[in-house]
Amino acid sequence: MGRAKRDIRNVEPYFKDWAVPGPLPDVARLQEFEAGEGESIDALSGFFRIFQLKKGHRFSTDDVLTAWYGTSWCPSAGRVLDLGSGVGSVGMSAAWRLRGAHFVTVEAQEESVALARRSAAYNGLKERYEIRQGDFRDPQVLGEEERFDLVLGSPPYWPLSDGTQGDHPQKVACRFEVRGSVVDYARVAAEHLAPGGIFTCVFPVDRPGQKARPWEAAEKAGMTIVRWRPVIFREDNPPLVGLFVMMRNQDLPEDMRGQTWEEPPLIIRDRDGQVHPEYRAVKMSFGFAP
């Protein structure tokens, strides 16, 4: 067992001339935490950190953008649900932005749940952050009457038959549809949304068949994609993924049902490979160094 590197526990309010937002952590409490063998503790949002396996599934830009997009369009959420929450990157990024909200997260993989629980403790979230282990499609996992203002999800992108599944079992369920697809995410989200609530997810849009699936999922769940934003990882390239906000049709005026507003693409890097100015500002908005 080795302690996390000292620079990870740095609580100075500035990092490379950037004023790190958010509350400073309790340094004495953090000394209780260690990264186990094969693990790392990595920056997430502000002074929030996340435990991950070095060779397992690791959080990505897609995850933090899901949290950013959802909390941007539902900034007053009091109760938040994170489906298929993995190691907690989406939920904890959202919790950093929504500091008064209570969270329920659902994840099936025991290894990921254990990591997420340590991250929640590290980040001082245990009082308002409930992590449940189970398959979110199981009606026993979420109570029939449980309702949430915001539901978040980063669904696996690919059917099991599509492509190489990877060399670590934790990666497989995060990338491939082992326990449901975007259709299942949308259905469960619709069942547990509070009136006027939103479901936010990320999904590939680089192939026609994939791009159509969020709209199919919304239709089957009785929802409308009210807005979406393509994400371009390098300027002048086509978008690879999209960010989606869905609402239940019953919560919308009739003339808005089935109507979608497409936002201008979010560009991650410019054509020279530098971080795009807008994305630098987006990163700061969820507490990540520009």
Side-chain angles (χ1 to χ4, degrees), residues 45 58-75 82-84 86 89-91 93-94 97 150-159 162-163 174-177 181-186 189-190 197-221 223-249 252 256-288 290:
S45 296
R58 298 178 67 79
F59 84 89
S60 66
T61 300
D62 299 11
D63 295 341
V64 290
L65 285 179
T66 302
W68 166 74
Y69 203 59
T71 54
S72 293
W73 295 115
C74 191
D82 183 16
L83 297 174
S89 49
V90 175
S93 293
R97 297 194 93 199
L150 172 62
V151 180
L152 299 165
S154 180
Y157 291 166
W158 315 111
D162 195 344
C174 295
R175 298 175 180 174
F176 293 87
E177 294 167 352
S181 68
V182 65
V183 171
D184 297 288
Y185 278 72
I198 71 169
F199 168 50
T200 301
C201 69
V202 61
F203 206 73
V205 296
D206 56 331
R207 294 189 291 184
Q210 287 289 84
K211 185 176 180 179
R213 294 179 71 194
W215 274 269
E216 294 168 356
E219 183 178 7
K220 289 181 178 179
M223 293 200 288
T224 290
I225 297 174
V226 294
R227 67 189 310 136
W228 81 285
R229 189 165 193 186
V231 180
I232 293 174
F233 284 86
R234 183 118 180 190
E235 196 170 13
D236 297 331
N237 289 343
L240 294 182
V241 301
L243 300 166
F244 299 87
V245 165
M246 303 184 192
M247 294 183 67
R248 298 184 303 176
N249 290 333
L252 293 169
M256 284 192 68
R257 298 172 188 175
Q259 301 297 313
T260 301
W261 171 254
E262 180 176 341
E263 298 185 60
L266 175 65
I267 299 172
I268 304 300
R269 292 187 178 272
D270 63 23
R271 58 181 55 90
D272 296 322
Q274 301 300 310
V275 178
H276 191 275
E278 184 186 6
Y279 187 54
R280 295 190 75 186
V282 167
K283 290 175 71 177
M284 288 191 292
S285 76
F286 58 76
F288 203 85

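No hydrogens, no waters, no symmetry mates; every other heavy atom, side chains included, goes into these values. The residues of the chain are indexed from 1 along the displayed sequence.
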What residue among Tyr69, Trp261, Trp215 forms ring-ring contact (aromatic ring centres under 6.0 Å, His included) with Trp228? Trp215
So with a 6.0 Å cut-off around CD of Glu235, is the heavy-atom count from everything else above 12? yes
Enter the distance from Asp184:CG to Leu83:CG here, rounded to the nearest 0.5 Å. 10.0 Å
For the residue pair Ile268 and Leu65, establish whether any side-chain heavy-atom pair is separated by less than 4.5 Å. yes
Tell me the salt bridge (charged side-chain N to carboxylate O under 4.0 Å, His left out) pairs involving residues 276-288, sequence neighbours left out? Arg229-Glu278
Side chain proximity check, Val282 to Phe288, heavy atoms < 4.5 angstrom: no
May I ask you to decide if Thr224's main-chain N or O and Arg257's side chain share a donor-acceptor pair within less than 3.5 Å? no
Identify the heavy atoms of Ser154 and Val202 that sit nearest to each other, and give their distance. OG-CG1, 3.5 Å
Check: Leu240 and Val231 side chains under 4.5 Å, non-hydrogen atoms: no
Grab the two heavy atoms, one from Pro214 and one from Phe244, that are nearest each other, plus how far apart they are. CG-CZ, 3.8 Å
Minimal non-hydrogen separation, Arg248 against Ala190, with atom names: CD-O, 3.4 Å
Partners meeting side chain to side chain contact (heavy atoms under 4.5 Å, CB included) with Pro265 (sequence neighbours left out): Pro230, Ile232
Going by side chain to side chain donor-acceptor pair (under 3.5 Å), name the residues that satisfy it together with Ser89, two or more places apart in sequence or in a different chain. Asp63
Those residues at least two apart in sequence (or on a different chain) that pass side chain to side chain contact (heavy atoms under 4.5 Å, CB included) with Ala67 are Val90, Ser93, Ala94
Residue list, side chain to side chain donor-acceptor pair (under 3.5 Å) with Asp272, at least two apart or on another chain: none
If you take all heavy atoms of Phe59 and Val64, which pair is closest and at what distance? CE1-CG1, 3.9 Å
Can you sort out the partners of Ser72 under side chain to side chain contact (heavy atoms under 4.5 Å, CB included), two or more places apart, ordered by chain and number? Trp68, Arg97
Taking every heavy atom of Met223 against every heavy atom of Ala186, the minimum-distance pair comes out as CE-O, 3.4 Å
If you round to the nearest 0.5 Å, how far is CZ of Arg227 from CD1 of Ile198? 9.5 Å
Can you find a pair of side-chain heavy atoms, one from Trp73 and one from Leu243, that are under 4.5 Å apart? no
Quick check for you: to the nearest 0.5 Å, what is the distance between Met247 atom CE and Ile225 atom CD1? 13.5 Å
As an exercise, state the distance from CZ of Phe233 to OG1 of Thr61, rounded to the nearest 0.5 Å. 5.5 Å
Nearest heavy-atom contact between Pro239 and Val205 is O-CG2, 3.9 Å
So does Arg234 get a backbone contact from the side chain of Arg271, meaning a donor-acceptor N/O pair under 3.5 Å? no
